[in-house]
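Accompanying notes for the structure given below.
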Amino acid sequence: MQKQGLYTIQENAPLTRDVYRMVLAGDTSAVTAPGQFVNVRLDGCYLRRPISIADWDDATITLIYKVVGEGTRRMAGMGGPGAALDLLVGLGNGYDLAACGAAPVLLGGGVGVPPLYGLAKRLWRQGRPPAVLLGFNTAADVFYEQEFRDLGCPTMVATADGSYGQKGFVTDLLNTAGMRYDYFYTCGPEPMLRAVYSACACPGQLSFEERMGCGFGACMGCSCKTKYGSKRICKDGPVLAKEEVVW
Amino acid sequence: MQKQGLYTIQENAPLTRDVYRMVLAGDTSAVTAPGQFVNVRLDGCYLRRPISIADWDDATITLIYKVVGEGTRRMAGMGGPGAALDLLVGLGNGYDLAACGAAPVLLGGGVGVPPLYGLAKRLWRQGRPPAVLLGFNTAADVFYEQEFRDLGCPTMVATADGSYGQKGFVTDLLNTAGMRYDYFYTCGPEPMLRAVYSACACPGQLSFEERMGCGFGACMGCSCKTKYGSKRICKDGPVLAKEEVVW
Amino acid sequence: MVDLRVTLSGLVLDNPVIPASGTFGYGNEFKDFYDLDILGSFSFKGTTKEPRFGNATPRIAECDAGMLNAVGLQNPGIDAVIREELPRMKRYFHKPVIANIGGFSVEEFQYCCERIGKEEQVGLIEVNVSCPNVHEGGINFGSTPEGAAAVTRAVKQVTDKPVYIKLSPNVTDITAVARACEEAGADGLSLINTLLGMRIDLAHRRPVLANTMGGLSGPAIFPVALRMVWQVAHAVDIPVIGMGGVDSAEKVAEMMMAGASAVQVGAANLVDPFACKKIVEALPGVLARLGVERAAELTGMAAAKTE
Amino acid sequence: MVDLRVTLSGLVLDNPVIPASGTFGYGNEFKDFYDLDILGSFSFKGTTKEPRFGNATPRIAECDAGMLNAVGLQNPGIDAVIREELPRMKRYFHKPVIANIGGFSVEEFQYCCERIGKEEQVGLIEVNVSCPNVHEGGINFGSTPEGAAAVTRAVKQVTDKPVYIKLSPNVTDITAVARACEEAGADGLSLINTLLGMRIDLAHRRPVLANTMGGLSGPAIFPVALRMVWQVAHAVDIPVIGMGGVDSAEKVAEMMMAGASAVQVGAANLVDPFACKKIVEALPGVLARLGVERAAELTGMAAAKTE
Ligand SMILES: Cc1cc2nc3c(=O)[nH]c(=O)nc-3n(C[C@H](O)[C@H](O)[C@H](O)COP(=O)(O)OP(=O)(O)OC[C@H]3O[C@@H](n4cnc5c(N)ncnc54)[C@H](O)[C@@H]3O)c2cc1C
Ligand SMILES: Cc1cc2nc3c(=O)[nH]c(=O)nc-3n(C[C@H](O)[C@H](O)[C@H](O)COP(=O)(O)OP(=O)(O)OC[C@H]3O[C@@H](n4cnc5c(N)ncnc54)[C@H](O)[C@@H]3O)c2cc1C
Ligand SMILES: Cc1cc2nc3c(=O)[nH]c(=O)nc-3n(C[C@H](O)[C@H](O)[C@H](O)COP(=O)(O)O)c2cc1C
Ligand SMILES: Cc1cc2nc3c(=O)[nH]c(=O)nc-3n(C[C@H](O)[C@H](O)[C@H](O)COP(=O)(O)O)c2cc1C
Ligand code: FES
Ligand code: FES
């Protein structure tokens, strides 16, 4: 069940030049699966901003966000004693962990990486440590490689300009020698999702983005067509199974 | 010449249940006369808020304001290390001290009292310590009586409900035995200005309020008709000489 | 104690606060946030004869103090609403609901109003002749007095439920449209729908919305909405439901003082799912401060200075 | 280096940023804040044949992300402007100015345009047929294509200066008015004027503005303004000056991508006297980020997805 509340900012620090991690303390009982998101209210912005839950525990939620516009710029400037954010928590379906197969692979691109962290942790706890493939534009953009390794996940990085890891796209890493997988989970910009969709013959789950009005299913702002009729990215998504995606 | 700048909040504390004093540090060179005002920019309010300069020195400006709506409520909540306000400073003509006669009297009502403080101080320095008559609704609303006394000004208070000082209006204090004056300065709500205008046979100056768009003469939002044509309260006022007022 | 009740064409509402169509679905997404029975009523998502997917995405763009939407009347169709949504709604909303109906021809409006008018859960029908996001056949009935009157007359023939026509603000003279609806038999009027607006995505050098334009709502439009409610309330003798940018109990009072008999709250529900609950709870305090004992007294309380 | 120049009917402006009429007086109040020669031009306060005091106060009301004004064209009259304001202006503004003209009859518009058109300081004339705050004789020429065209034809007869007609947004179809002006010989169009709006003073139970209604401006109206600029730019072949809620270099770019050749900044000047200076200074950086070398290229750069 979705909740609304004020969450105290415990940490808010840059991971790269424009990607920040924020740790918020408050009621996390509404979070039920990795891949869910929160909707953040910010002074001076009319609409809330959807941000994936990168990780959570009994008392905190971790967000990882990139500064791209007014809202995320304001987030980056927040902090100090007593600073708090108004969040809607527990939004979206999140990834289905039960379907993960025997050898899951996680493919993340840019700020599509964060929700995969919470996912990797829980797959690992479930005895299905995933392979993790991360794509970034350039060396300076890379984040969380070590965090995934620390979970015990074999982790590889590709950069578009070859300045770090393998040169190329995250899907190129699928061709690495010895790479075996029978299920995929992915999150990233739409071109990447399309590439993953084509590159992976196995079933899997994709997390989508859309401009949102409400984030909790009320406005029909974020609808998309699937093989099983129209779905709201915010409520019936953001995660769709590969087999229902119309591409 | 008017200036715009960020002013650091040094003090912001209640004088009564709803009247606050705020001391701001910054460039005060644009302030040239008591009765001038600043225009305060506040997050979440589209228009600036005009507030009279209660007092100023080389480094600080003092404002005294009553919480009546969204903007003043926000002001009252401000403070803390580094807190600052965007002000337009040096607005309006201010009171003309040269015209003060031999025995000036100052009549202030409610939040019309503040600009009279800066005025009293300067009349005193000029060797013309004024008599000060202050009107409030009730005992709990009274502020700055002692501050005027500390300047060396004979000071009397009237309250509408008689709970403090003399019962009645500020103009009733003019009839106090021994009261002598040949010039008046006043600031307060319009009904009070009208009462002063009628009660005082001598010349004097009145400070007016009007809803403002800009506060520096650009929008014609605050015009009023005078005997010498139309004037902008924000630029040609807020102080008008009695003889030009059309009543 | 303040009496919050208001009346719309004989329908007594416990209070004047009504979530606006398109921002509250069929209530389902809000029932977990709070008990919907605290509302005066709510206006369900604009429903058409056929199921509709609506426009391509992006359908939403942000603005200063507001938002654009170009949803394009996505809904499951009138039959599915009667078959599935109304029975489900019965479980979490126990008051008469406002049925918001969209359409692309006089016949479609008639079809939907006739069917929905037979449902006992429906307290009144709100006929949306003003959706800015659908132009199939190029007709927007709400743009002309004639178009709005034609729809009004047609739907009044097929239902006994009170019919409120929802007016478009994108017109030169909204009072002309309002009067035409009144003469055609409308029981009341709802206004305003969204203002037609647009944003451009600078980086991509194209409109943000796939549909190019969309409807502006939120606090940005409140002064325009208030003006139109005032104008219309002075021009007709039927009740007016006011809306557009209302996000506080004070703005509910402003709308009512301008002439509204009840008030809808739209976009505010999307940014704060508790918006209507908060407004309902704040209303008694606001009325008390204004020295008003019955909410119904607020309607038209503001007097023109020049009249 | 980015080239900020734009052209309006042969008049080359150093940049597209123009303070809007009524928010910049005759420049006098701003000359102490910054050097006005950094501006593309400015549009002076709407000037009429006779001196006018304007409406009673309060003339200003605050709104979310905007303000209402009901100034009512206060100005010293065309003769005093020519006699006093223009010579004074020469001392602090050394570029062609935009002469904004108001009026209550075709003859008045003609009188003013003929006189002001002879002043060499005047680069172009902006004819305001759309002031929402004056209804003497009940006529608002900008509400109908016929009215706007009649004024256009009349003033074109009496001046050789380029004539831009300033359009009202309070119409059902602004493209119809725009096309009528084009056909009547307008050299360009300015849009939008303010949206008609209102606020109520709850405590006093009456409209805030003495004039009851006023014109809404500021960021709140930007999406509506942008939409109208887009529609009009697609409907006519003459240049469009876009305005309404612009308060940043990004919004200047949005207006131009929608089809504007230059952009006016109104209410923003009132809340920040340095608004136009900041926008002029920010423009090169915004253009560079967008990969645009010449500001003039921005005009109409956004392509409709559906076209
Ligand atoms: C389900 C979901 C999960 C997301 N998770 C993350 C995350 O974990 N980390 C992260 O950095 N970003 C994430 N995003 C993208 C993030 O929402 C946008 O980057 C953010 O809204 C931009 O806001 P802004 O004010 O900085 O930018 P602006 O461009 O100024 O925003 C203007 C408007 O567009 C919307 N918008 C802009 N970009 C996007 C986008 N990509 N998707 C949806 N709406 C957008 C904003 O919400 C706002 O309404 C997620 C998006 C969705 C839909
Ligand atoms: C020249 C001048 C000097 C002033 N000096 C003082 C002072 O020293 N101390 C003090 O407490 N107050 C003073 N005021 C009044 C003060 O400006 C208002 O109380 C304040 O603007 C209210 O803002 P708000 O947001 O709290 O109220 P709201 O009612 O929410 O304000 C809404 C809008 O109305 C305007 N407004 C509301 N009341 C007034 C008013 N009385 N006069 C002008 N505009 C108003 C606001 O500026 C704003 O634009 C002065 C006003 C003027 C014109
Ligand atoms: C996302 C969204 C969808 C809407 N859908 C409908 C609709 O289906 N039918 C309708 O009559 N109005 C619809 N509206 C208009 C609202 O009911 C309301 O008239 C308008 O938004 C103004 O009110 P507000 O400013 O409080 O949102 C919609 C508005 C929004 C924001
Ligand atoms: C206080 C004020 C006075 C105005 N006076 C005039 C005027 O005299 N003539 C005119 O054509 N427009 C006038 N306008 C309209 C502006 O020029 C502009 O069209 C409108 O405000 C929209 O732009 P903005 O949102 O940037 O303010 C006035 C606007 C304001 C706020
Ligand atoms: S954003 Fe409102 S339904 Fe998804
Ligand atoms: S407030 Fe703008 S001229 Fe006085």
Side-chain angles (χ1 to χ4, degrees), chain C residues 56 61 63-68 143-144 168-173 195-207 209-214 216 218-231 245 247 250 253-255 257-258 286 289-290 292 298 301-307, chain D residues 56 61 63-68 143-144 168-173 195-207 209-214 216 218-231 245 247 250 253-255 257-258 286 289-290 292 298 301-307:
Chain C
C63 306
D64 287 301
M67 61 178 281
L68 294 173
S143 304
T144 61
S168 167
N170 303 298
V171 295
T172 309
D173 181 6
L195 284 166
L196 197 55
M198 183 173 164
R199 289 304 300 267
I200 284 174
D201 179 339
L202 289 175
H204 296 97
R205 303 179 181 183
R206 63 178 188 220
L209 298 174
N211 201 42
T212 305
M213 301 173 202
L216 180 64
I221 70 170
F222 180 74
V224 175
L226 190 81
R227 181 263 294 183
M228 289 185 165
V229 166
W230 170 277
Q231 289 180 314
D247 61 358
E250 284 82 1
E254 261 190 78
M255 273 289 177
M257 281 199 188
V286 169
R289 226 168 49 231
L290 296 175
V292 173
L298 286 169
M301 185 178 257
K305 292 188 190 173
T306 49
E307 279 169 310
Chain D
C63 307
D64 288 301
M67 60 179 281
L68 294 173
S143 304
T144 61
S168 167
N170 303 299
V171 295
T172 308
D173 181 7
L195 284 167
L196 197 56
M198 184 173 164
R199 290 302 302 266
I200 284 174
D201 180 338
L202 289 176
H204 296 97
R205 303 180 182 184
R206 63 179 187 220
L209 298 174
N211 201 42
T212 305
M213 300 174 203
L216 179 64
I221 71 171
F222 180 74
V224 174
L226 190 82
R227 180 263 295 186
M228 290 185 165
V229 166
W230 170 278
Q231 288 180 313
D247 61 359
E250 283 82 2
E254 261 190 78
M255 273 287 178
M257 281 200 188
V286 169
R289 224 168 50 230
L290 297 175
V292 173
L298 285 170
M301 185 177 256
K305 293 188 191 175
T306 50
E307 278 169 311

Under 4.5 Å from a heavy atom of chain C, the part of E250(D) involved: both
L68(D) portion near chain C, given a 4.5 angstrom heavy-atom threshold: side chain
For S143(C), side chain to side chain contact (heavy atoms under 4.5 Å, CB included) partners two or more places apart: N140(C), T172(D)
Partner set under side chain to side chain contact (heavy atoms under 4.5 Å, CB included) for A65(C), not counting sequence neighbours: P219(C), A220(C), D64(D), A65(D)
Partner chain C: residue of G66(D), G197(D), A203(D), A61(D) with the largest heavy-atom pair count (under 4.5 Å): G197(D)
If you look at every heavy atom in [X] and [Y], which pair is closest and at what distance?
{"X": "C63(C)", "Y": "P223(D)", "answer": "SG-CG, 3.5 Å"}
{"X": "N170(C)", "Y": "S168(C)", "answer": "N-OG, 3.0 Å"}
{"X": "L290(C)", "Y": "M257(C)", "answer": "CD1-CE, 4.1 Å"}

Of all of [options], which one pairs up most often with chain D through heavy atoms under 4.5 Å apart?
{"options": "R227(C), H204(C), M255(C)", "value": "R227(C)"}
{"options": "L226(C), V286(C), L202(C)", "value": "L202(C)"}
{"options": "M228(C), Q231(C), M198(C)", "value": "M198(C)"}

Which atoms of A258(C) approach chain D - backbone, side chain, both or neither, heavy atom under 4.5 Å: both
R205(C) side chain to M301(D) backbone, donor-acceptor under 3.5 Å: no
